[in-house]
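Only a predicted model underlies this, so the values are computations on that prediction, with no experimental measurement involved. Numbering of residues begins at 1 and proceeds along the displayed sequence.
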Amino acid sequence: MRLLSKFTYAVALMVASIIGVGFFGIPQTFATSGTGIGLIFLILLTGLILVTNLAYGEVVLRTHQRHQFVGYVRRYLGRGAQIINQINFWITGYGSILGILIVNGIFFHTAVSYLGVDVSREVLGTLFMIVAVALASAYGT
C-alpha cells in the first residue's frame with residue numbers, strides 16, 4: 001500500500017534536502033565565522049547553486065532525450081566523467097548522511113540534557129538512524 005503519491009514524495013524529499021542540515025548548519029556557521037563572513041559565504045554559495053541549477057536545467061531543456069544526471073554526464077562528458085561522478089555521488093551521499101547523524105545526535109543530546117539525562121551524542125545519533133531506517137522501511141517505497 002502506497003501512502004504518498006510520487007509528487008508528494010518528491011516534494012518531501014526536496015524540502016528535506018534543501019532545508020535539512022542547513023536548518024542547523026547555517027546558524028552554526030554564522031556563529032562560528034561571524035555575521036559578515038557568514039553572509040558573504042551565504043550569498044556566494046546561493047549564487048553558485050543558482051547558476052549550477054540553471055545550467056543543469058538548460059542541459060535538460062536542450063537534450064531531446066530524458067536522462068538522469070549520470071546519463072547527461074556520460075552523454076556530454078564521456079565515460080571517465082561518469083565514473084568520477086559516481087564516485088562523487090557515493091562520497092557526498094555517505095558524507096551527508098554522516099553529517100545528518102552528527103547534527104541530530106548533537107540536537108538530541110542538547111534536548112535530553114535539559115531533562116537531566118546524560119546520553120552520548122553517538123548513541124542518540126545511532127538511535128535516530130535506527131528509527132529513521134525503521135520508518136523508511138515501513139512507509140517508504
Side-chain angles (χ1 to χ4, degrees), residues 1-115 117-141:
M1 177 168 113
R2 188 170 194 103
L3 298 176
L4 298 175
S5 69
K6 288 183 179 182
F7 176 77
T8 306
Y9 187 74
V11 169
L13 183 64
M14 287 183 67
V15 167
S17 65
I18 291 168
I19 295 173
V21 175
F23 183 76
F24 300 109
I26 291 174
Q28 175 65 31
T29 303
F30 273 66
T32 303
S33 65
T35 305
I37 299 294
L39 196 57
I40 290 170
F41 275 124
L42 182 64
I43 291 169
L44 289 175
L45 288 175
T46 300
L48 181 66
I49 291 169
L50 176 65
V51 168
T52 303
N53 285 335
L54 288 173
Y56 179 58
E58 195 65 31
V59 168
V60 171
L61 287 174
R62 291 180 185 260
T63 304
H64 299 294
Q65 298 168 336
R66 289 184 62 178
H67 298 285
Q68 292 183 351
F69 185 77
V70 175
Y72 291 118
V73 169
R74 182 171 186 168
R75 178 181 174 127
Y76 292 111
L77 300 176
R79 176 86 173 129
Q82 180 187 12
I83 293 170
I84 292 171
N85 180 52
Q86 288 176 336
I87 292 169
N88 181 51
F89 169 79
W90 288 108
I91 290 172
T92 57
Y94 283 115
S96 64
I97 290 171
L98 182 61
I100 289 169
L101 292 176
I102 290 169
V103 167
N104 283 314
I106 293 169
F107 173 77
F108 288 127
H109 175 74
T110 305
V112 298
S113 67
Y114 286 119
L115 301 173
V117 179
D118 186 29
V119 181
S120 74
R121 296 176 178 115
E122 292 82 10
V123 169
L124 291 171
T126 303
L127 289 175
F128 171 78
M129 180 186 67
I130 291 168
V131 170
V133 167
L135 288 174
S137 297
Y139 297 108
T141 56

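Interatomic distance, CG of L98 versus CD1 of I102, reported as 4.0 Å (0.5 Å rounding).
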In a table with atom names and distances, give each donor-acceptor pair under 3.5 Å that connects a side chain of residues 118-130 to protein atoms at least two apart or in another chain.
unit_1	atom_1	unit_2	atom_2	d
S120	OG	V123	N	3.2
T126	OG1	E122	O	2.8

Using distance only, find each side-chain donor-acceptor pair of residues 32-51 under 3.5 Å and give its atom names and separation, not counting sequence neighbours.
unit_1	atom_1	unit_2	atom_2	d
T32	OG1	Q28	O	2.8
T32	OG1	Q28	NE2	3.0
S33	OG	T29	O	2.8
T46	OG1	L42	O	2.6

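Side-chain atoms of T92 come within 3.5 Å of backbone N or O of F89 as a donor-acceptor pair.
Scored by the side chain to side chain contact (heavy atoms under 4.5 Å, CB included) test, S113 finds no partners at all (sequence neighbours excluded). Under the ring pair (Phe, Tyr, Trp, His ring centres under 6.0 Å) criterion, F69 pairs with Y56, sequence neighbours left out. When the side chain to side chain contact (heavy atoms under 4.5 Å, CB included) test is applied to L77, the partners found at least two apart in sequence or on another chain are V73, A81. With sequence neighbours excluded, the residues satisfying side chain to side chain contact (heavy atoms under 4.5 Å, CB included) with Y114 are T110.
Legend: salt bridge (Lys or Arg N to Asp or Glu O under 4.0 Å) pairs involving residues 64-93, not counting sequence neighbours: none detected. Residue pairs satisfying the salt bridge (Lys or Arg N to Asp or Glu O under 4.0 Å) criterion with at least one member in residues 36-60, sequence neighbours excluded, are listed as follows: E58-R62.
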